[in-house]
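Down below is the structure, laid out as structure tokens.
Note on naming: letters A, B, ... go to the chains in the order of the sequence lines (proteins, then strands), and numbering restarts at 1 for each one.
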There are 2 protein chains.
Amino acid sequence: MRFSDGVEWSVHSCLVLAALPEGVGLPGAKLAEFHSLPAAYLAKHMQALVRAGVVESIPGRHGGYRLARPASEITVADVVTAIEGNRSAFRCTEIRRQGPGAGQPCEYQTACLVSRVMGGAEQAWRSELSKWTLADLAFDPASAAYLRQDAWLSDVLEARG
Amino acid sequence: MRFSDGVEWSVHSCLVLAALPEGVGLPGAKLAEFHSLPAAYLAKHMQALVRAGVVESIPGRHGGYRLARPASEITVADVVTAIEGNRSAFRCTEIRRQGPGAGQPCEYQTACLVSRVMGGAEQAWRSELSKWTLADLAFDPASAAYLRQDAWLSDVLEARG
DNA sequence: GTCCCTATACTCGGATAGCAAGTGTCCGAGTATAGGCGG
DNA sequence: CCGCCTATACTCGGACACTTGCTATCCGAGTATAGGGAC
């Protein structure tokens with residue numbers, strides 16, 4: 001089991017967007033440059049975020065990306081789900097029905113117990129991620145590096161009018 | 001994010017081993033046949049379980065696999081960890097230190113907040129899996145199909161002496 | 001009859017191909033803007 | 001001086017190669033057993 005690198009990139013990038021002034025968008029190229037990420041590949045993940053309704057894209061010359069909702073209403077789970085998909089990581093293929101070990105059809109009215117256990121754990125994982133919003137992370141005093149946008153980010157915004 | 005199919009196979013196979021009489025081993029070929037699994041590939045995962053100390057292999061003619069500990073002392077987390085590895089699914093590559101968004105070195109004395117949130121969620125997931133032992137699943141009344149070993153499994157064991 | 005030796009059959013274990021998904025990149029479609037032109 | 005039109009530059013979006021890791025398989029190393037032979 002291994003997460004896509006895009007998860008880390010997307011969360012950090014969303015935190016950057018959370019630090020922007022209200023309603024202002026940041027182009028994908030600049031967003032990638034902020035953390036020295038490959039712009040073309042980050043754009044691929046931004047598309048996923050747009051489809052999931054987490055961020056919205058502004059077309060045209062002064063366009064870019066911005067959060068679709070206030071940062072306090074977007075959870076880390078929303079971002080991760082947008083990238084990794086909302087399907088379960090564990091896929092029950094019902095092997096209990098195969099081979100000599102298969103029982104009678106009446107035994108299969110309830111879901112596979114193994115599947116239920118795995119699903120429950122995944123639920124706990126997702127629930128834990130839902131406790132944190134982008135606002136919690138972006139405005140945390142200990143990691144307020146994103147608010148140190150004076151030197152670079154402000155210049156970018158000012159250069160764009 | 002997606003689990004290896006081997007996780008499902010391994011858990012179910014361990015449940016079969018849990019239903020065996022004390023100290024008796026079952027060959028990998030028979031274990032695979034029980035659920036119509038590819039024997040050669042299941043063997044690969046069984047090796048991982050042996051390395052992790054979850055099951056032990058008995059070499060020789062009447063050898064096979066058996067649980068290394070009582071089923072009540074093996075959790076689902078043990079099995080999953082043996083297959084998927086104990087490394088974290090989320091790998092923090094410290095992109096916060098890259099590009100114009102990078103802060104001063106003194107800001108990096110604490111772990112990345114994003115990494116901590118992801119790690120905490122993973123901890124919750126693992127903790128949930130630790131609540132269930134193989135005994136809980138194998139001897140559950142609702143899914144006692146594994147105890148219906150009379151027809152096939154008993155024959156196999158008897159044929160081996 | 002008992003003990004030992006050897007050949008056998010069966011077991012696990014690691015080394016070897018094939019494939020899907022993630023990784024990385026590029027170029028085209030679409031839009032708001034800026035400037036020029038006409039009234 | 002004001003409004004409209006056009007060309008431009010910039011943006012996002014989807015389509016195209018490449019690499020890593022999972023999937024699937026095979027054959028060789030090792031061991032307990034079973035049988036036969038010697039004592």
Distance in angstrom units between [X] [atom1] and [N] [atom2], rounded:
X: A:K44; N: D:dA17; atom1: NZ; atom2: P; answer: 14 Å
X: B:L42; N: C:dC12; atom1: CG; atom2: P; answer: 10 Å
X: B:F3; N: D:dT23; atom1: CZ; atom2: P; answer: 12 Å
X: B:E56; N: C:dC12; atom1: CD; atom2: P; answer: 13 Å
X: B:R61; N: D:dA34; atom1: CZ; atom2: C1'; answer: 6 Å
X: A:L26; N: D:dT11; atom1: CG; atom2: C1'; answer: 12 Å
X: A:I58; N: D:dG13; atom1: CD1; atom2: P; answer: 11 Å
X: B:I95; N: C:dT23; atom1: CD1; atom2: C1'; answer: 16 Å

Strictly below 4.0 Å: does [X] bring a side-chain N or O up to OP1 or OP2 of [N]?
X: B:Q47; N: C:dG14; value: yes
X: A:R51; N: D:dC12; value: no
X: B:Y41; N: C:dT16; value: no
X: B:S57; N: C:dT11; value: no
X: B:R66; N: C:dT11; value: no

Original post:
Does any donor atom in the side chain of A:T81 or A:D78 lie under 3.5 Å from an acceptor atom in the other side chain?
Top reply: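 Distance-only check fails for A:T81 and A:D78.
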**OP:** For A:G60 and for A:D5, find the nucleotide of DNA chain C with the closest heavy atom, then tell me which residue's nucleotide is more 5'.
**Re:** A:D5
**OP:** Between B:A43 and A:G63, name the one whose nearest nucleotide on DNA chain D is closer to the 5' end.
**Re:** A:G63
Subject >> Closest-nucleotide 5' rank along DNA chain D - winner of A:M46 and B:R2 >> reply: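 Looking at DNA chain D, the more 5' nearest nucleotide goes with A:M46.
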Subject >> Any A:V117 side-chain heavy atom under 4.5 Å of B:V11 side chain >> reply: no
Original post:
So what does A:G64 hit on the nucleic acid, given a heavy-atom distance under 4.0 Å: a base, only sugar-phosphate, or nothing?
Top reply: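 Sugar-phosphate, no base atom in range.
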Subject >> Hydrophobic cluster identity match, A:W152 and A:L37, side-chain contacts under 4.5 Å >> reply: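 Hydrophobic grouping puts A:W152 with A:L37.
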